[in-house]
Amino acid sequence: IPFESRMVPLYLQYKSWGMLDTYAPLLLGACAYVYGIFFSKQNIEAIPDSLRESAYIDGASEWRIFFQIIMPLSKPLIATLSILQILSNWNSYLWPLVIIRSSEKQLISVGVSIFNAQQDAIYYGPRMAVAVISAIPLSIMFLFLQKYIVQSVAVSGIKQ
């Protein structure tokens with residue numbers, strides 16, 4: 001279902017909850033990521049059952065198996081989903097513009113757009129500077145998470 005068709009009911013719901021002009025609607029919407037759920041399920045199913053079975057035989061509980069075996073093997077998955085979700089939300093324009101009214105709380109994508117609308121068409125220097133500055137946090141995040149993406153080639157240490 002396209003987001004534009006869900007936007008008005010979501011706006012009315014967050015308005016009735018008193019969450020307008022806060023970051024909560026942006027964060028709550030990011031948690032319901034259907035592709036991430038499907039991708040996580042497929043990745044966790046690819047982990048060999050022998051790892052879980054051996055930990056269960058050794059006396060580990062389900063939570064211990066999850067936190068000490070599944071989660072460390074899912075770091076590439078978490079890094080990939082984090083990058084996809086952050087990029088998606090970083091580039092969103094319409095929803096933050098609708099939800100956040102005050103200019104002090106506005107996200108950087110909306111701020112860049114407002115800044116470019118206020119500048120004259122002749123001076124491209126300030127526009128390019130704002131574009132580069134807005135890309136720096138994403139570049140830093142990718143540098144920290146790229147090692148997990150490279151590690152996604154080796155899923156586990158078990159030969160089958």
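Quick caveat, the model's predicted, so the values are computed rather than measured.
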Q.
A side-chain contact here means heavy atoms from C-beta on lying under 4.5 Å apart; do Ile44 and Ile70 qualify?
A. yes
Q.
With side-chain contact (heavy atoms from CB on, under 4.5 Å) as the test, pick out the partner of Pro25 among Ile99, Leu10, Leu20.
A. Ile99
Q) With a 4.5 Å heavy-atom cut-off, do Met19 and Leu28 have their side chains touching? A) yes
Q: Search all heavy atoms of Pro137 against all heavy atoms of Ser134 and return the closest pair with its distance.
A: CD-O, 3.7 Å
Q.
With salt bridge (charged side-chain N to carboxylate O under 4.0 Å, His left out) as the rule and sequence neighbours excluded, what pairs involving residues 57-74 come up?
A. none
Q: Tell me whether Leu138 is reachable from Leu107 by hopping between hydrophobic residues (I, L, V, M, F, W, Y) whose side-chain heavy atoms are closer than 4.5 Å.
A: no
When the side chains of residues 33-42 are checked against the rest of the protein, which donor-acceptor pairs come out under 3.5 Å, sequence neighbours left out?
unit_1 : atom_1 : unit_2 : atom_2 : d
Ser40  : OG     : Gly36  : O      : 2.7
Lys41  : NZ     : Glu45  : OE1    : 3.4
Lys41  : NZ     : Glu45  : OE2    : 2.7

Q) To which residues is Leu27 joined in a hydrophobic cluster, defined by side-chain heavy-atom contacts under 4.5 Å among Ile, Leu, Val, Met, Phe, Trp and Tyr, whether direct or through other members? A) none
Q. Apart from Leu143 itself, what residues make up its hydrophobic cluster, given side-chain heavy atom links below 4.5 Å?
A. none
Q.
With a 4.5 Å cut-off on side-chain heavy-atom distances among I, L, V, M, F, W and Y, is there a chain of contacts connecting Ile133 to Val130?
A. no
**Q.** Set of residues satisfying ring pair (Phe, Tyr, Trp, His ring centres under 6.0 Å) with respect to Phe3, sequence neighbours excluded
**A.** Trp95
(Q) Checking Ser103 now: which residues fulfil side chain to side chain donor-acceptor pair (under 3.5 Å) with it, not counting sequence neighbours? (A) none
Q: Please check if Val98 and Leu26 belong to a single hydrophobic cluster, counting links between Ile, Leu, Val, Met, Phe, Trp and Tyr side chain heavy atoms closer than 4.5 Å.
A: yes
Q. In terms of hydrophobic clusters joined by side-chain contacts under 4.5 Å, are Leu97 and Tyr11 together?
A. no
Q. Among all residues two or more places apart in sequence or in another chain, which pass the ring pair (Phe, Tyr, Trp, His ring centres under 6.0 Å) test with Trp17?
A. Tyr14
**Q.** side chain to side chain donor-acceptor pair (under 3.5 Å) against Arg52, all qualifying residues, sequence neighbours excluded
**A.** Asp49
Q) Quick one: does Ile100's side chain get under 4.5 Å of Val110's, heavy atoms only? A) no
Q | Arg127 and Tyr124: CA distance, side-chain angles, deciding distance, side chain to side chain contact (heavy atoms under 4.5 Å, CB included) verdict | A | CA-CA 5 Å; Arg127 289 181 180 183; Tyr124 291 108; 4.0 Å; yes
Q. Is there a side-chain contact between Leu73 and Asn43 (heavy atoms, below 4.5 Å)?
A. no
List the atom pairs, donor and acceptor, that lie under 3.5 Å between side-chain atoms in residues 82-93 and the rest of the protein, sequence neighbours left out.
unit_1 : atom_1 : unit_2 : atom_2 : d
Ser82  : OG     : Ile78  : O      : 2.7
Gln85  : NE2    : Ala30  : O      : 2.8
Asn89  : ND2    : Gln85  : O      : 3.3
Asn91  : ND2    : Leu87  : O      : 3.2
Ser92  : OG     : Asn89  : O      : 2.8

Q: Kindly work out whether a path of hydrophobic side-chain contacts (I/L/V/M/F/W/Y, heavy atoms less than 4.5 Å apart) joins Val112 to Val132.
A: no
Q) Is there any salt bridge (charged side-chain N to carboxylate O under 4.0 Å, His left out) pair reaching into residues 22-39, and which pairs are they, with sequence neighbours excluded? A) none
Q: Take Ser74 and Ile47 through the test side chain to side chain contact (heavy atoms under 4.5 Å, CB included) and record every step on the way to the result.
A: CA-CA 9 Å; Ser74 298; Ile47 296 174; 4.3 Å; yes
Q.
Let me confirm one number: the NZ-CG distance from Lys15 to Asp21, rounded to the nearest 0.5 Å.
A. 13.0 Å
(Q) Can you list, by chain and residue number, the hydrophobic cluster partners of Ile136 when the side-chain cut-off is 4.5 Å? (A) Ile140, Phe144
Q: Check which hydrophobic residues are tied to Met128 through side-chain heavy-atom contacts below 4.5 Å, counting indirect links as well, and list them.
A: none
